[in-house]
Protein chains: 2
Amino acid sequence: MVRAASLKEVKACPVQFVLAVNDTMNVISGKWKLPIIGSLLFNKKRFTEIQRNIQGITPRMLSKELKELELNGIVTRTVYDSQPVTIEYELTPSARTLSEVLDKMVEWGVRHRKQIVVSSR
Amino acid sequence: MVRAASLKEVKACPVQFVLAVNDTMNVISGKWKLPIIGSLLFNKKRFTEIQRNIQGITPRMLSKELKELELNGIVTRTVYDSQPVTIEYELTPSARTLSEVLDKMVEWGVRHRKQIVVSSR
DNA sequence: TTAACCGGTATACAAAAGTATAGCACTATA
DNA sequence: TATAGTGCTATACTTTTGTATACCGGTTAA
């Protein structure tokens with residue numbers, strides 16, 4: 001068994017650094033995961049609500065991506081046994097801490113876009 | 001011309017939020033960009049040095065990814081007219097600020113991996 | 001009873017991303 | 001002169017990812 005590396009160790013070693021970043025990347029990679037997270041950011045929603053919210057997504061992809069997000073602990077799927085059953089998707093606490101990371105990405109993305117715009121005129 | 005949205009506005013609107021995150025994602029997406037950035041994190045390097053550093057990468061992919069990174073202002077390519085010419089790749093200041101974002105991703109990735117491990121035993 | 005909504009699945013296909021392999025012009029070294 | 005290294009590019013191919021389209025069983029409202 002390999003001991004888990006400390007944060008400091010991970011950051012100091014390019015190989016482990018890349019692995020850890022990849023762990024995060026994989027959770028949000030794919031064309032539709034971010035839109036789904038975005039759609040659930042302020043409210044929990046039902047399947048068709050999400051589908052209507054994200055233009056262009058097919059039920060196949062929505063289903064597939066929701067499953068992966070659930071596996072990765074980003075989304076919970078709750079079945080309410082009303083008549084008929086309703087199913088709701090909601091972000092987990094893990095997704096909430098993830099969105100702090102996303103916030104940092106937003107900040108960098110916005111700054112970076114400005115720079116690209118400036119440097120290309 | 002559309003006015004650039006403020007950070008606050010972007011964060012409050014899921015659509016713009018997702019767009020900005022995607023800007024950042026696109027810069028580091030692809031199988032080899034992170035390893036390349038990792039390889040250049042502490043030193044500038046030459047083409048074959050990077051190639052030797054990252055096991056499994058083909059010159060085609062290294063060339064392609066380096067070009068994209070250069071286009072996105074993450075890496076500079078400098079030609080020294082020594083005999084024979086040597087070419088060095090180096091991270092830009094933009095990449096340095098990006099690595100703060102990557103640091104956040106490392107932190108979340110490490111925490112998230114622990115959680116997954118814990119919850120699966 | 002038929003039409004429509006919900007929460008999906010199945011199948012086939014197209015496009016994007018990545019790999020394998022070979023080669024090229026140039027230079028330096030044995 | 002032959003061999004090896006540098007910094008790539010070209011071509012063909014495989015794998016992964018995403019799309020299009022149709023359909024399903026259950027429920028409810030007209």
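Note that the structure is a prediction, hence the values are computed from the model and not measured. First the proteins, then the strands, lettered A, B, ... as listed; each starts at 1.
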- Item | OG1-CG distance between A:Thr24 and A:Leu102, expressed to the nearest 0.5 angstrom | 9.5 Å
- Query: Would B:Val110 and B:Lys114 satisfy side chain to side chain contact (heavy atoms under 4.5 Å, CB included), going step by step from the backbone distance to the final call?
  - Reply: CA-CA 6 Å; B:Val110 167; B:Lys114 269 184 201 145; 4.1 Å; yes
- Message: Holding to side chain to side chain donor-acceptor pair (under 3.5 Å), I want the full list of residues that pass it with B:Arg46, two or more places apart in sequence or in another chain.
- Response: none
- Residue list, salt bridge (charged side-chain N to carboxylate O under 4.0 Å, His left out) with B:Glu90, at least two apart or on another chain: none
- Hey, does B:Leu91 have a side-chain heavy atom less than 4.5 Å from the side chain of B:Ile37? yes
- Item | Angle between terminal axes - the helix from C:dT1-D:dA30 to C:dA30-D:dT1, 5 pairs each end, rounded to 10° | 10°
- Item | Test side chain to side chain donor-acceptor pair (under 3.5 Å) applied to A:Ser99 - qualifying residues, sequence neighbours left out | none
- Note on the structure: Expected list for residues 53-65 of chain B near DNA chain D, using heavy atoms below 4.0 Å, is B:Pro59, B:Arg60, B:Ser63
- Query: Below 4.5 Å, heavy atoms only, C-beta onward: do A:Met61 and A:Lys64 meet side chain to side chain?
  - Reply: yes
- Task: Please work out which residues in residues 29-45 of chain B have a non-hydrogen atom less than 4.0 Å from an atom of DNA chain D and list them by number.
- Result: none
- Partners passing salt bridge (charged side-chain N to carboxylate O under 4.0 Å, His left out) against B:Glu9 (at least two apart in sequence or in another chain): B:Arg3
- Is A:Glu107 paired with B:Lys11 through a side-chain N to carboxylate O contact shorter than 4.0 Å? yes
- Message: In the structure I gave you, are the side-chain heavy atoms of B:Ile50 and B:Leu40 within less than 4.5 Å of one another anywhere?
- Response: yes
- Message: Counting C-beta onward and ignoring hydrogens, is there a side-chain heavy-atom pair between B:Thr97 and A:Arg111 closer than 4.5 Å?
- Response: yes
- Query: Does a side-chain heavy-atom distance below 4.5 Å link A:Thr78 with A:Tyr89?
  - Reply: no
Between the protein and nucleotides 23-26 of chain D, list the N/O to N/O atom pairs that are separated by less than 3.5 angstrom.
none

- Query: For B:Lys67 and D:dA10, what is the distance between atoms NZ and C1' respectively, to the nearest whole Å?
  - Reply: 11 Å
- Item | Note, B:Trp108 side chain near A:Leu98 side chain (heavy atom, < 4.5 Å) | yes
Distance-only donor-acceptor hits, side chain of residues 25-34 of chain A, under 3.5 Å, sequence neighbours excluded:
| residue | atom | partner | partner atom | Å |
| --- | --- | --- | --- | --- |
| A:Asn26 | ND2 | A:Asn22 | O | 3.3 |
| A:Ser29 | OG | A:Asn26 | O | 3.3 |
| A:Lys33 | NZ | A:Ser29 | O | 2.6 |
| A:Lys33 | NZ | A:Glu65 | OE1 | 3.3 |
| A:Lys33 | NZ | A:Glu68 | OE1 | 3.1 |

- Message: Does D:dT6 have OP1 or OP2 under 4.0 Å away from a side-chain N or O of B:Tyr89?
- Response: no
- Message: Below 4.0 Å from chain A heavy atoms, what is the first contacting nucleotide of DNA chain C and what is the last?
- Response: C:dC6 to C:dA12
- Note on the structure: So the side chain to side chain donor-acceptor pair (under 3.5 Å) pairs with at least one residue in residues 47-62 of chain A (sequence neighbours excluded) are A:Ser39-A:Asn53
- Determine whether B:Phe47 and B:Leu62 make a side-chain contact, defined as any pair of heavy atoms from C-beta on separated by less than 4.5 Å. yes
- Query: What residues in residues 68-83 of chain A put a non-hydrogen atom under 4.0 Å from any atom of DNA chain D?
  - Reply: A:Gln83
- To the nearest Å, how far apart are B:Phe47 CZ and D:dT6 C1'? 10 Å
- Non-hydrogen side-chain atoms of B:Ile87 and B:Tyr80 separated by less than 4.5 Å: no
- Message: Using the rule given for side chain to side chain donor-acceptor pair (under 3.5 Å), can you reason through B:Thr76 versus B:Glu70, listing the C-alpha separation, both sets of side-chain angles and the distance that settles it, and then say yes or no?
- Response: CA-CA 6 Å; B:Thr76 52; B:Glu70 204 191 342; over 6 Å; no
